[in-house]
Amino acid sequence: MQKKIFIKTFGCQMNEYDSNRIYDSVKRLGFIKSKDQGNVDCYVINTCHIRDKAKEKVYHEIGRVKKLYKEKNKPIMIVAGCVAQAENQEMLNREPYIDIVLGPQSYHKINDLIKNFIKNNKIEETEFDALLKFNYFDNIENNNNNVSSYLTIQEGCDKFCSFCVVPYTRGPEYSRPFSKIISEAENLIINGVKEIILLGQNVNAYSYKDKLKEYRISDLINKLNSYSELKRIRYTTSHPRDMTDDLIECYSANEKLMPFVHLPIQSGSNKILKLMNRKHTVEQYLEIYEKIKKINPLIEFSSDFIISYPGETEDDFNETLNLIKKIKFINSFSFIFSPRPGTKAANLKLIDKEISKEKLLKIQECLFKFQLDMNKSFINKSTDVLVENKMEGQKKLFGRNKYMNSVIFDGDENYIGKNINIKIKDVNQNSLFGKIEKKNMRAA
Ligand code: SAM
Ligand code: SF4
């Protein structure tokens, strides 16, 4: 009988990619992916440690699993991801229901761990083995056949922003060999993937050297642009320090590179950027912005913001608001600073919770206004959509335009995987709603 596995994924796109690769790996052991959480042989929680309550979320989820399996045989319970890395043995001590704790750089061991699993023999694997991990996964086909697929090219971080846990949970920067990334991309394209989103904690720090050359993310983009069946290229998350001219140039030379740049700045105050150890200034950020806008004024930006970083005054906060008004980011993430154990900022004096909440509301009000303005600008206009799927439980189709806006419309499933023009009739903050333009009808 086939064995079943379920993976609950928290956090970033990289975790989503990892979960899919874990499915690809355990398929070799005869496991199939199950949608039914309450009836599997192996249950994996892929965790995120970036902000507070990360640990609590994991123990809460385990509590839910325990209830689901009260009357049944317990599944092999694996906690993977960044919380596993950060908490390691501590998790096994606190929660006996967990069988295996598996850090993000040890996923190549998962098949052996499951195959050799012995009841009550608790295991913790949290070494930093990025090279071994990617070598292992290079030999396992990426089965993803969604219209849009992630592809990890780089992992880890050497930048050590004082608030961030990533260098401690994902380890030092590691860039995969150029040829391995391209062969994974080719495989995805053969599977029918039409959009590739290159991933990394610092995706634009990608640097792979062989005897002949240093390969950068720009080389990957230029190469991907040449595949006729591939329609769109994106990358995330990039750091301003690594936004080099060769990458900026890609916006003039590669029509498949989408005109939407997610480039986190975190704060509009140079004083705070310095305290955060961000290694860039607001002026340097604006310089990148101007260079890219000069190539194509239709390119839009989004960012991440941290509010109430220790030491942030009203003036610093207003500088962030002013920057948002200047750039008019179309879609951004904003968070209240959350002290992470082990980081430089872990023990700094926190800004009052109520004040922080007020500030967050204010910043989000401003960000959401620009987001809605951008969405409204599409009304009664046509927008180019890559159709991704049929919405669950509905007749509608879902796709994204070039700026990553969600677009929802009626249509035939034959449109999935195609680029079509949608005339936008209505919008809200998160989505655009429209109709297929008549000229597309013949394309289906
Ligand atoms: N590497 C990217 C960069 O440098 O911009 C960011 C990657 S990080 C995984 C994603 C986002 O989480 C960050 O941009 C930051 O806004 C947020 N973040 C990270 N640590 C945080 C913390 N301790 N408190 C609040 N937000 C945090
Ligand atoms: Fe974290 Fe990004 Fe800073 Fe690295 S560059 S420490 S991933 S915020």
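Order of appearance sets the numbers: ligands from 1, and atoms from 1 within every ligand. Values below: every heavy atom of this structure, side chains too, minus hydrogens, waters and symmetry copies. All residue numbers in this chain count up from 1 along the given sequence.
For Glu214 and Ser207, the side-chain atoms include at least one donor-acceptor pair closer than 3.5 Å. Residues Asn375 and Asn405 bring a donor and an acceptor atom of their side chains to less than 3.5 Å of each other. A donor and an acceptor atom, one from each side chain of Asp18 and Asn46, are nowhere located under 3.5 Å apart. Between the side chains of Gln37 and Arg64, at least one donor N or O lies within less than 3.5 Å of an accepting N or O. Of the N and O atoms on the side chains of Glu124 and Thr126, at least one donor lies less than 3.5 Å from an acceptor on the other residue.
Using the six-membered ring where Trp is involved, Tyr174 and Phe134 have ring planes that are parallel, under 30° apart on the 30 and 60° scheme. Using bins of under 30°, 30° to 60° and over 60° for the plane-to-plane angle, the ring pair His262/Phe333 lands in the perpendicular bin.
Lys213 NZ: more than 12 foreign heavy atoms inside a 6.0 Å radius.
For the pair Asn270 and Glu319, the tightest heavy-atom approach, listed with the atom from each and the gap, is N-OE1, 4.4 Å. In this structure, Val203 and Leu198 approach most closely via the heavy-atom pair CG2-O, 3.7 Å. Thr152 and Tyr17 make their closest contact through OG1-CD2, 3.0 Å (heavy atoms, listed as atom of the first residue, atom of the second, distance). What you find for Cys157 and Val166 is that their closest heavy atoms are CB-CG1, 4.0 Å.
Atom 8 (S) of ligand 1 has Ile50 CD1, 3.9 Å as its closest protein atom, hydrogens excluded (heavy atom only). In this structure, atom 17 (C) of ligand 1 lies nearest to the protein heavy atom Arg51 NH1, 3.4 Å. Remark: minimum distance from atom 22 (C) of ligand 1 to any protein heavy atom is reached at Ser338 O, 3.6 Å. In terms of protein heavy-atom proximity, atom 1 (Fe) of ligand 2 is nearest to Cys164 SG, 2.3 Å. For atom 20 (N) of ligand 1, the closest non-hydrogen atom of the protein is Phe163 CD1, 3.3 Å. Among protein heavy atoms, atom 6 (S) of ligand 2 sits closest to Cys161 N, 3.3 Å. Nearest protein heavy-atom contact of atom 7 (C) of ligand 1 is Gln201 O, 4.5 Å.
Heavy atoms of Arg278 approach ligand 2 to within less than 4.0 angstrom.
Contacts with ligand 1 closer than 4.0 Å are made by no heavy atom of His280, backbone or side chain. At a heavy-atom distance under 4.0 Å, only side-chain atoms of Phe335, from C-beta outward, approach ligand 1.
In terms of polar-atom proximity, Pro264 is not counted as a contact of ligand 1, lacking any N or O under 3.5 Å from an N or O of the ligand. Polar contact with ligand 1: present for Gln266 (N/O pair, distance under 3.5 Å).
For ligand 1, the atoms lying closer than 4.0 Å to a non-hydrogen atom of Arg340 are 23 (N). Here is the list of ligand 2 atoms found below 4.0 Å of a heavy atom in Pro167: 6 (S). If you number the atoms of ligand 2 from 1 as listed, the ones under 4.0 Å from a heavy atom of Lys159 come out as 5 (S). Near Phe163, the atoms of ligand 2 lying under 4.0 angstrom from a non-hydrogen atom of the residue are 8 (S). Counting atoms of ligand 2 from 1 in the listed order, those under 4.0 Å from a heavy atom of Phe160 are 6 (S). Near Asn202, meaning under 4.0 Å from any of its heavy atoms, are these atoms of ligand 2: 4 (Fe), 5 (S). Residue His239 approaches ligand 2 through these ligand atoms, each under 4.0 Å from one of its heavy atoms: 5 (S). Within ligand 1, counting atoms from 1 as listed, the ones closer than 4.0 Å to a heavy atom of His239 are 4 (O).
When the heavy atoms of Asn204, Ile306, Thr169, Asp52 are ranked by distance to atom 27 (C) of ligand 1, first place goes to Ile306. Of the candidates Lys279, Lys159, Arg278, Arg170, Arg278 brings a heavy atom nearest to atom 3 (C) of ligand 1. Of the options Val165, Ile336, Thr237, the smallest heavy-atom separation from atom 25 (C) of ligand 1 is shown by Ile336. With Ile307, Asp304, Asn202 as candidates, the residue nearest to atom 10 (C) of ligand 1 on a non-hydrogen basis is Asp304.
For atom 4 (Fe) of ligand 2, the set of nearby N, O or S atoms under 2.8 Å includes one belonging to Cys157.
You'll find the ring centres of Tyr208 and Phe178 outside the 6.0 Å limit. The ring of Phe409 has its center no closer than 6.0 angstrom to the ring center of Phe433. For Phe305 and Phe329, the ring centers sit closer than 6.0 Å to each other.
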